[in-house]
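Below is one structure; the comments refer to it alone.
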Amino acid sequence: MRPVIVAGNWKMHTTPADAGELARTIGARTRVDGVTVRDALAGPDVAAPDGTGLAVGAQDVHHEAAGAFTGAISAPMLDGLATWVIVGHSERRRDACETDELIGRKLVAARAAGLRAILCVGEQLADRDAGRAHDIVDGQVRGCLAASDPAALGGDDGRGFTIAYEPVWAIGTGRNARGADAAEMAGAIRAALASLAFSGGGDDVPVLYGGSVASSNIDEFMAEPAIDGALVGGASLKPDEMAAIVARAGLTAAARAAA
Ligand code: 13P
């Protein structure tokens, strides 16, 4: 069974003090005791400290393990600091001109260092309006993964990597995709994984939805069996919102576990 995952992407927000306070508040409101960003960062095993299921992730990683790359952070440098990492976010594609090929190399570097990676894909509004959303996302998945060995990515047990479908037009706009459309795109993503020889046809790889997720719309996504959680931007900076999203997703996790 695929895990239910809710990830908050704080982007370039918060100071260390703010982040600690925010993590503490979200932790308290989700009834996860004793977890703060600072505590998690200090621990050698941050995958799920105290069995809380809470972990810290980085927002990007360099595609090389080491080298003369001033200002960059490699996957091995995150050892002891983070157990997850996002690669291929549309803001990185836009601002740093990251290509699918480069993102694929980041994914391999992250996995080689034992990080759980969230690979982001998603179409622009013009692509959706032109009926090209499926083809764009299919191309991104293939472009990022074609050169990789599925076994090396460790996707098959649902713990190696996760894909987040984040339509660019939904990010930070307050205009979320419909649950049914997100589920359809999750199907397209898994079809691409299947054709890339992921065993199980990609069925073991969690697919999240991201783009203006809020407590008022999370149920629409969690109601879709193809969707395994959310990558939350703006709402993850609001403790009440994030706690409500986690709580709603938790109900789905419990229901799926009982089914
Ligand atoms: P918003 O939830 O603010 O739309 O951002 C989504 C996102 O980019 C998460 O990675």
Side-chain angles (χ1 to χ4, degrees), residues 3-14 18-19 22-23 25-26 29-30 37 54-61 73 78 82-98 100 102-103 106-107 110 115-125 127-128 133 136-137 140-141 144 161-179 181-183 185-186 189 205-222 224 227-249:
V4 168
I5 299 164
V6 178
N9 178 6
W10 291 349
K11 309 191 179 184
M12 201 173 74
H13 295 289
T14 75
D18 293 343
L22 183 56
T25 311
I26 292 172
R29 293 190 193 172
T30 50
V37 167
L54 209 73
V56 173
Q59 296 176 13
D60 186 35
V61 75
I73 306 290
L78 292 170
T83 50
W84 288 75
V85 67
I86 297 171
V87 296
H89 194 281
S90 65
E91 287 153 12
R92 299 291 310 167
R93 293 175 186 262
R94 178 196 67 199
D95 298 339
C97 303
E98 292 189 1
D100 290 331
L102 181 83
I103 293 161
K106 289 175 180 241
L107 185 59
L115 293 166
R116 296 176 70 175
I118 300 178
L119 167 64
C120 299
V121 295
E123 82 282 359
Q124 305 277 346
L125 185 57
D127 297 320
R128 176 150 290 268
I136 293 290
V137 167
Q140 288 173 336
V141 173
C144 292
F161 81 102
T162 295
I163 296 186
Y165 167 59
E166 294 207 306
V168 178
W169 49 269
I171 294 177
T173 60
R175 178 186 169 191
N176 59 283
R178 291 187 309 164
D181 288 339
M185 297 305 284
I189 287 166
V205 176
V207 176
L208 314 183
Y209 168 76
S212 296
V213 170
S215 60
S216 57
N217 61 34
I218 183 67
D219 288 348
E220 179 175 351
F221 300 103
M222 298 313 301
E224 299 288 344
I227 303 288
D228 303 305
L231 180 53
V232 186
S236 71
L237 293 164
K238 302 174 189 159
D240 286 340
E241 269 293 282
M242 190 60 174
I245 291 167
V246 169
R248 303 301 307 173

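What you see below is based on every heavy atom in this structure, not just the backbone, and it leaves out hydrogens, waters and symmetry mates. Position 1 is the first residue of the sequence; numbering continues from there. Counting convention: from 1, in listed order, for ligands and their atoms alike. On a predicted model such as this, the values are computed, not experimentally measured, just so you know.
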Which protein N or O atoms sit under 3.5 Å from any N or O of ligand 1? Give atom names and distances.
from	atom 1	to	atom 2	distance (Å)
ligand 1	2 (O)	S212	N	3.4
ligand 1	2 (O)	G233	N	2.9
ligand 1	3 (O)	G234	N	2.8
ligand 1	4 (O)	G172	N	2.6
ligand 1	4 (O)	S212	N	2.7
ligand 1	5 (O)	K11	NZ	3.3
ligand 1	8 (O)	K11	NZ	2.8
ligand 1	8 (O)	H89	NE2	2.8
ligand 1	10 (O)	N9	ND2	3.0
ligand 1	10 (O)	H89	NE2	2.9
ligand 1	10 (O)	E166	OE1	3.2
ligand 1	10 (O)	E166	OE2	3.0

If every non-hydrogen atom of S212 is compared with every non-hydrogen atom of N217, which pair is closest and at what distance? O-ND2, 2.9 Å
For I86 and C120 the tightest heavy-atom approach is CG2-SG, 3.7 Å
Looking only at heavy atoms, which two atoms of G122 and I136 are closest? And how far apart? O-CG2, 4.5 Å
Run the numbers on L22 and M242 for side chain to side chain contact (heavy atoms under 4.5 Å, CB included), then give the verdict. CA-CA 10 Å; L22 183 56; M242 190 60 174; over 6 Å; no
Any donor-acceptor pair under 3.5 Å linking the side chain of E123 with the backbone of P167? no
Please step through side chain to side chain contact (heavy atoms under 4.5 Å, CB included) for the pair E166 and E91, ending with a clear verdict. CA-CA 11 Å; E166 294 207 306; E91 287 153 12; over 6 Å; no
